[in-house]
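Presented below is the structure to which this report refers.
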Amino acid sequence: MARTSKIGGQAVLEGVMMRGESSMATAVRGPEGQITIESSRFTPSSKRGLVWRFPVIRGIVNFCSMLYFGMGILMRSAEVMGEDIEPSRFEKWLAKKTKIDLLKAAMAVALVLGIAFAVALFIVLPEVVVTLIFKIEALAPASVGVRNLVTGIFRIVIFILYIAACSKMKEIDRLFRYHGAEHKTINAYEHDEELTVENVRKYTTVHRRCGTTFLFLVMVVGILVNSALSFLPGYGNLFARIGYKILFLPLVAGISYEFLKLFAKYDNILFRIISAPGLWLQKLTTKEPDDSMLEVAIAAFNKVAEMDADPDVPTTKFVMQKPYKTLVERLEKVLPPDRFDASDREWILCEATGRQRSLLSSTRYVSQEVFDKALALAGDRAAGKPLQYVLGYTEFYGYRISVTPDVLIPRPETELLAEKVIAACDGKTVWDVCTGSGAIAVAVRLKGAPSAVYASDISPEALETARANARDNGADIEFFEADLLGKDELKADLIVCNPPYIPSADIDNLQPEVKDFEPRAALDGGEDGLDFYRRLADDAPARLNEGGTLFMEIGIGQKDEIARIFKNWQIEFFEDYGGIPRMAAAVLINNKE
């Protein structure tokens with residue numbers, strides 16, 4: 001070997017974890033085929049307390065540490081694969097009351113159960129079986145050393161059969177192939193190769209510092225240590241013997257760790273002979289990876305090498321992927337189909353994913369960011385907030401118009417009002433009064449051919465939104481603050497106004513989405529809803545050029561009253577999509593002050 005490496009690793013679900021002197025990185029291939037990497041830093045052993053550097057003790061500490069972190073990395077890699085299990089109400093309640101992180105709690109339980117299973121399979125079972133065997137009269141005189149040797153051999157056999165059986169599972173088979181990719185990558189690096197798929201592919205899946213070799217050493221060292229413990233009180237009793245072996249397992253692990261470090265440090269005939277059985281066992285726990293697996297292992301190795309070399313390299317987090325169908329199911333729980341239209345969920349999905357509605361059905365996975373954003377938007381909608389405010393925009397006359405709680409949401413019938421103005425504005429000046437979001441002004445400026453467009457509102461916040469809409473849509477409009485027609489020096493050929501026209505007493509009876517969220521000032525038209533029309537009838541003559549026209553949107557059932565207010569005007573009414581008079585165009589019969 002041209003060089004040695006202190007980087008070691010572990011296979012995880014669809015990925016590889018590599019750990020260096022001061023950093024670790026886990027690379028996982030996500031469900032969409034992309035490689036995502038999560039990395040972190042830790043204090044090197046050389047800078048930690050004595051417990052991390054003292055022989056044998058350091059092996060015990062490292063063994064316990066890797067058990068915990070290894071389980072955590074496995075569970076973390078599973079999250080990347082997009083599996084999303086919503087906590088039950090009880091789990092949410094328990095987490096809230098106890099302040100316990102359920103994921104960490106589950107990891108701790110899984111670790112305890114895993115250790116319990118390993119103890120039962122590799123310590124208790126061999127001891128019980130061998131004890132029964134040596135009850136045979138011909139074998140009863142055998143010494144403690146012989147019994148421990150047979151127990152150890154039986155334990156190794158169980159281990160081999162267990163690994164062989166596990167490898168038949170599809171998920172474990174892929175895990176073992178990623179294990180092989182990890183070893184190939186480290187071997188290529190230690191042979192001074194550039195880490196490319198082509199170079200890494202040719203190396204062996206076996207490595208001297210593998211955890212499989214460590215486990216074999218634990219079993220061999222266990223035979224020696226357990227034989228040395230035979231002087232302990234009650235060692236001849238089955239339950240006492242099992243207890244002693246569990247109690248001294250950390251010591252066995254610590255001694256085995258030191259042997260493993262020696263095997264990695266020295267390369268001579270003696271160590272080769274001693275480590276050979278462990279290397280043979282690696283043929284069971286590693287398999288030939290494909291090129292995509294090698295890419296993942298190389299990515300993890302390179303990230304750790306980069307971070308170990310440069311302490312300023314930032315850490316990274318996994319880009320999580322969630323199944324799109326899971327997101328749809330969650331949205332249906334937040335926005336039940338019996339209370340909310342399907343289009344609400346679809347528009348929220350469009351906003352969160354950035355995809356067109358026609359492409360939503362082909363979506364398979366979404367990022368965690370998209371997942372969280374969609375649920376947050378759905379939560380706002382479930383609270384009664386109008387969809388347009390939830391999304392922050394609406395469509396008006398083919399243009400995207402931003403809307404905030406400071407402006408009224410433009411209605412479809414208002415497009416008909418804009419259409420009338422557009423048809424009459426050729427070469428003329430247009431003044432959009434009570435502009436709100438600026439939707440009418442933007443449509444007239446871009447769809448018509450006016451010589452100039454002015455827009456005013458009494459609300460500074462509304463004007464800010466209107467200016468943003470004009471800017472975003474490329475519409476040249478002059479905005480100013482004014483109370484209705486309160487700008488003495490301005491006159492226009494056409495004035496268009498969608499004023500507040502809801503009677504004050506009726507506002508509290510409107511749908512919650514309207515009365516609770518839309519600005520009251522944009523709704524309240526006074527006692528009978530006609531206050532602003534009276535003001536328009538009084539003030540518009542001084543603001544219209546000769547022959548000018550006043551276009552207005554009116555409320556349902558207000559036609560006759562509007563006609564009376566504008567009795568000195570030539571007025572024409574227009575119907576909305578439902579055949580109801582909702583618009584009016586008024587020309588002053590005698591437009592002289």
Distance alone, cut at 3.5 Å: any donor-acceptor contact between the side chains of [X] and [Y]?
X      : Y      : result
Asp372 : Gln368 : yes
Thr316 : Ser39  : yes
Ser504 : Asp524 : yes
Ser343 : Asp341 : yes

Separation of [Y] [atom2] from [X] [atom1] (nearest 0.5 Å):
X      : Y      : atom1 : atom2 : answer
Arg19  : Thr26  : CZ    : OG1   : 10.5 Å
Trp347 : Arg357 : CH2   : CZ    : 5.5 Å
Arg41  : Ser22  : CZ    : OG    : 6.0 Å
Ile554 : Leu530 : CD1   : CG    : 9.5 Å
Leu484 : Leu536 : CG    : CG    : 4.5 Å
Lys333 : Leu331 : NZ    : CG    : 11.5 Å

A quick test of your reading: do over 12 heavy atoms of other residues, nucleotides or ligands sit less than 6.0 Å from [atom1] of [X]?
X      : atom1 : result
Glu461 : CD    : yes
Glu198 : CD    : yes
Gln511 : CD    : no
Glu369 : CD    : no
Lys385 : NZ    : yes

Give the intermediate values and the outcome of side-chain hydrogen bond (donor to acceptor under 3.5 Å, both in side chains) for residues Ser23 and Asp308.
-> CA-CA 6 Å; Ser23 64; Asp308 275 359; 2.8 Å; yes
Determine yes or no for a side-chain-to-main-chain donor-acceptor pair under 3.5 angstrom, with [X] supplying the side chain and [Y] the backbone.
X      : Y      : answer
Lys515 : Asp508 : yes
Asp483 : Ile458 : no
Asn199 : Glu194 : yes
Arg582 : Asp576 : no
Arg520 : Glu518 : no
Arg445 : Pro450 : yes
Asn469 : Ser437 : yes
Asp406 : Ala462 : no

Between [X] and [Y], is any pair of side-chain heavy atoms under 4.5 Å apart?
X      : Y      : value
Val403 : Thr465 : no
Asn473 : Ile401 : yes
Arg345 : Glu332 : yes
Phe340 : Val334 : no
Leu544 : Leu588 : no
Gln321 : Ser367 : yes
Val444 : Asp432 : no
Val430 : Asp493 : no

To check you understand the geometry: which heavy-atom pair defines the closest contact between [X] and [Y], and what is its length?
X      : Y      : answer
Tyr501 : Tyr533 : CD2-OH, 3.3 Å
Ala492 : Ile495 : CB-CG1, 4.5 Å
Ala455 : Ile477 : CB-CG2, 3.9 Å
Ile422 : Ala443 : CD1-O, 3.7 Å
Ala378 : Ile348 : CA-CD1, 3.8 Å
Cys425 : Leu494 : CA-CD1, 3.6 Å

Kindly determine whether Phe396 and Val442 satisfy side-chain contact (heavy atoms from CB on, under 4.5 Å), including the steps that lead there.
-> CA-CA 9 Å; Phe396 184 86; Val442 168; over 6 Å; no
Just checking, Lys322 and Phe371: is the charged tip under 6.0 Å from the six-membered ring centre and within 45° of the axis?
->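 Ring-cation test returns yes.
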Do the numbers put Arg29 on top of the ring of Tyr178, so that NZ or CZ is under 6.0 Å from the six-membered ring centre and no more than 45° off the axis?
->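 No.
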Kindly determine whether Leu360 and Tyr324 satisfy side-chain contact (heavy atoms from CB on, under 4.5 Å), including the steps that lead there.
-> CA-CA 9 Å; Leu360 289 176; Tyr324 176 73; 3.5 Å; yes
Scan for side chain to side chain donor-acceptor pair (under 3.5 Å) pairs involving residues 386-400, sequence neighbours excluded, and state none if there are none.
->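 Residue pairs with at least one partner in residues 386-400: there are none.
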Evaluation steps, side-chain contact (heavy atoms from CB on, under 4.5 Å), between Val28 and Leu13 | CA-CA 7 Å; Val28 174; Leu13 297 178; over 6 Å; no
Worked verdict on Asp290 versus Ser292 for side-chain hydrogen bond (donor to acceptor under 3.5 Å, both in side chains) = CA-CA 6 Å; Asp290 59 33; Ser292 67; 2.6 Å; yes
Please lay out, stage by stage, how Leu417 and Phe574 fare under the test side-chain contact (heavy atoms from CB on, under 4.5 Å).
-> CA-CA 9 Å; Leu417 177 64; Phe574 305 95; over 6 Å; no
Under the salt bridge (Lys or Arg N to Asp or Glu O under 4.0 Å) rule, what do Arg339 and Asp344 come out as? Steps first, then yes or no, please.
-> CA-CA 11 Å; Arg339 291 178 51 214; Asp344 284 6; over 6 Å; no
N-O pairing of [X] and [Y] below 4.0 Å:
X      : Y      : answer
Arg201 : Asp291 : yes
Arg381 : Glu351 : no
Glu561 : Arg564 : yes

